[in-house]
Peer 1: 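Handing you this structure, nothing more for now.
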Amino acid sequence: MKTLYVSDLDGTLLRSNERTSEYTNTVINHLVNDGMLFSYATARSFVTSHKVTEGLIAKFPLITYNGAMIVDNADGTFIRQNFFDSSVKEVLKDLFSRGIYPMVYSFLDGEEKFSWLPEKCTKCMMDFGRSRNDSRNHPVTEVEELSAGELFYITCIDETEKLKPMYEKYKTHFHCVFQRDIYSGEQWLEIMPEAATKANAILQLKKQLGCERLVVFGDGKNDIDMFEIADESYAVSNAVQELKDTATGVIEDNNSDGVAKWLLEHYR
């Protein structure tokens with residue numbers, strides 16, 4: 001039976017320095033060239049995931065923005081896209097009314113952008129925006145500009161007390177991820193279209209590739225949905241306990257290249 005292997009990136013395939021190791025790159029490149037069907041599923045964009053996986057040159061489809069997009073690793077074209085409907089405008093108005101000014105990902109005139117309002121956003125949001133130094137960066141001067149274009153992802157970085165009520169309010173209507181960033185420790189709330197999940201994207205990819213089995217790897221709460229649909233699921237030892245409780249097993253941590261070691265030992 002054909003098996004699809006899917007790994008999360010941050011905290012799982014990436015080491016704590018936010019990079020894949022030379023060992024992981026070598027192992028995965030070799031196994032993919034040998035016929036392994038592999039992908040990674042990440043909250044990152046195509047642009048930033050490519051930067052942190054430099055050296056991982058094997059070509060395979062990528063699941064980005066927590067499942068909002070599937071991208072062809074060979075040329076960066078989109079295989080699948082999920083966008084908000086018009087109701088997202090009311091969500092943004094609600095956030096603004098509570099003093100929350102998020103980073104909004106959209107397509108403006110056909111180009112992928114993330115819009116943010118430096119004048120009103122939090123310091124941690126500003127630091128994050130400035131760290132993403134690429135062509136998508138789109139600082140704006142007016143609140144209304146955050147609602148422009150075809151929207152597909154919203155990121156809020158703010159105080160837990162401000163963000164938690166928004167998570168509770170919208171988690172049943174949208175795909176929401178509420179957790180602390182593993183690098184900065186800041187509280188994040190990410191809001192996506194309801195169908196934009198890692199699990200849904202993986203199921204589409206599994207069908208497209210004609211696979212009967214699915215094996216996944218992860219470390220965080222946003223990996224639970226893909227663990228629930230997998231035939232086998234493995235949490236790295238640095239994973240949150242909630243994920244370990246749903247896993248088939250626990251493997252070595254991300255800094256020990258746990259995923260690559262497992263693949264090398266068990267593939268075939």
Side-chain angles (χ1 to χ4, degrees), residues 10 42-49 51 64-69 71 76 78 80-198 221-222:
D10 291 276
T42 177
R44 290 177 181 265
S45 67
F46 175 76
V47 173
T48 58
S49 62
K51 290 178 180 179
T64 61
Y65 290 115
N66 272 325
M69 303 285 171
V71 188
F78 291 97
R80 172 184 172 175
Q81 296 172 285
N82 285 286
F83 293 101
F84 287 109
D85 61 26
S86 59
S87 65
V88 73
K89 301 295 179 70
E90 295 305 314
V91 177
L92 288 173
K93 288 180 181 177
D94 194 9
L95 292 171
F96 301 156
S97 71
R98 298 167 188 262
I100 302 170
Y101 297 90
M103 185 169 288
V104 181
Y105 295 79
S106 64
F107 280 83
L108 295 171
D109 298 322
E111 294 186 8
E112 184 182 352
K113 299 290 183 181
F114 59 85
S115 301
W116 54 297
L117 189 62
E119 183 180 333
K120 290 186 176 292
C121 70
T122 61
K123 180 182 183 301
C124 46
M125 180 72 80
M126 185 174 295
D127 291 342
F128 180 79
R130 287 173 173 170
S131 71
R132 295 313 195 247
N133 185 24
D134 59 62
S135 61
R136 298 171 303 137
N137 198 335
H138 184 243
V140 298
T141 57
E142 302 293 335
V143 173
E144 294 75 17
E145 294 179 84
L146 294 176
S147 303
E150 296 179 284
L151 280 58
F152 63 89
Y153 205 93
I154 296 171
T155 297
C156 310
I157 310 175
D158 213 314
E159 298 172 4
T160 303
E161 294 74 16
K162 288 174 67 176
L163 297 182
K164 189 172 183 180
M166 295 292 93
Y167 169 69
E168 296 295 339
K169 183 174 182 177
Y170 292 112
K171 67 180 181 181
T172 58
H173 304 288
F174 300 94
H175 175 205
C176 297
V177 177
F178 184 67
Q179 63 184 11
R180 291 193 176 275
D181 179 61
I182 64 171
Y183 302 113
S184 68
E186 300 288 353
Q187 183 67 59
W188 286 43
L189 170 60
E190 294 164 286
I191 305 173
M192 294 145 273
E194 187 176 17
T197 67
K198 288 185 178 182
K221 290 182 180 180
N222 65 332

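In this text, all values refer to a predicted model and were calculated from it rather than measured experimentally.
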Peer 1: One pair to check against side chain to side chain contact (heavy atoms under 4.5 Å, CB included): Y183 and D10. What are the steps and the verdict?
Peer 2: CA-CA 9 Å; Y183 302 113; D10 291 276; 2.6 Å; yes
Peer 1: Are E194 and N82 close enough that some pair of their side-chain heavy atoms sits under 4.5 Å apart?
Peer 2: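 E194 does not reach N82 side chain to side chain.
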Peer 1: Evaluate side chain to side chain contact (heavy atoms under 4.5 Å, CB included) for F78 paired with F107, printing each intermediate quantity in order.
Peer 2: CA-CA 12 Å; F78 291 97; F107 280 83; 3.6 Å; yes
Peer 1: Just how far is it from atom OG of S184 to atom CG of D127, taken to the nearest 0.5 Å?
Peer 2: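 The CG atom of D127 is 9.5 Å from OG of S184, to the nearest 0.5 Å.
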Peer 1: Minimum heavy-atom separation for P165 to E161, with atom names?
Peer 2: CD-O, 3.2 Å
Peer 1: Only pairs under 3.5 Å count here: list side-chain donor-acceptor contacts from residues 98-106, not counting sequence neighbours, and write none if there are none.
Peer 2:
from : atom 1 : to  : atom 2 : distance (Å)
R98  : NE     : D94 : OD1    : 2.9

Peer 1: Decide yes or no for Y65 and F46: does some side-chain heavy atom of the first lie under 4.5 Å from some side-chain heavy atom of the second?
Peer 2: no
Peer 1: With a 3.5 Å cut-off and sequence neighbours excluded, list the donor-acceptor pairs that the side chains of residues 143-153 form with protein atoms.
Peer 2:
from : atom 1 : to   : atom 2 : distance (Å)
E145 : OE2    : T141 : N      : 3.2
E145 : OE2    : T141 : OG1    : 3.4
E145 : OE2    : E142 : N      : 2.9
Y153 : OH     : N66  : ND2    : 3.0
Y153 : OH     : E190 : OE2    : 2.7

Peer 1: Evaluate side chain to side chain contact (heavy atoms under 4.5 Å, CB included) for C156 paired with I154, printing each intermediate quantity in order.
Peer 2: CA-CA 7 Å; C156 310; I154 296 171; 4.1 Å; yes
Peer 1: Around atom NZ of K51, are there more than 12 heavy atoms from other residues, nucleotides or ligands closer than 6.0 Å?
Peer 2: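 Enclosed.
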Peer 1: Are more than 12 heavy atoms from other residues, nucleotides or ligands located less than 6.0 Å from atom CZ of R180?
Peer 2: yes
Peer 1: Report yes if some heavy atom in the side chain of E111 is under 4.5 Å from a heavy atom in the side chain of L108; otherwise report no.
Peer 2: no
Peer 1: Test I191 against F84 for side chain to side chain contact (heavy atoms under 4.5 Å, CB included), laying out the working first.
Peer 2: CA-CA 10 Å; I191 305 173; F84 287 109; 4.3 Å; yes
Peer 1: Once side chain to side chain donor-acceptor pair (under 3.5 Å) is applied, do any residues pair with K171, and if so which ones, sequence neighbours excluded?
Peer 2: E168
Peer 1: What salt bridge (charged side-chain N to carboxylate O under 4.0 Å, His left out) pairs are there with at least one residue in residues 80-91, not counting sequence neighbours?
Peer 2: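 Passing the test, one end in residues 80-91: E90-K93.
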Peer 1: To the nearest 0.5 Å, what is the distance between OG on S45 and CD on E112?
Peer 2: 6.0 Å
Peer 1: Of all residues at least two apart in sequence or in a different chain, which pass the side chain to side chain donor-acceptor pair (under 3.5 Å) check with D158?
Peer 2: K162
Peer 1: Less than 3.5 Å apart, which donor and acceptor atoms pair up between the side chains of residues 172-179 and the rest of the protein, not counting sequence neighbours?
Peer 2:
from : atom 1 : to   : atom 2 : distance (Å)
H175 : ND1    : A196 : O      : 2.4

Peer 1: Compute the centroid of each ring, for W188 and then for Y167, and state whether the two points are separated by less than 6.0 Å.
Peer 2: no
Peer 1: Keeping K113 on the side-chain end and S135 on the backbone end, is there a donor-acceptor pair under 3.5 Å?
Peer 2: yes
Peer 1: To check you understand the geometry: which heavy-atom pair defines the closest contact between S115 and H138, and what is its length?
Peer 2: OG-ND1, 2.9 Å
Peer 1: How many angstroms lie between NZ in K123 and CE in M126, if you round to the nearest 0.5 Å?
Peer 2: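 Answer for the NZ-CE pair, K123 versus M126, is 9.0 Å.
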Peer 1: Any chance you could measure D181, atom CG, to I157, atom CD1, to the nearest 0.5 Å?
Peer 2: 7.5 Å
Peer 1: What's the spacing between M69 CE and T42 OG1 if we round to 0.5 Å?
Peer 2: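 Between atom CE of M69 and atom OG1 of T42 there are 14.0 Å.
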Peer 1: Taking the side chain as C-beta and beyond, is there a heavy-atom pair between T48 and T64 under 4.5 Å?
Peer 2: no
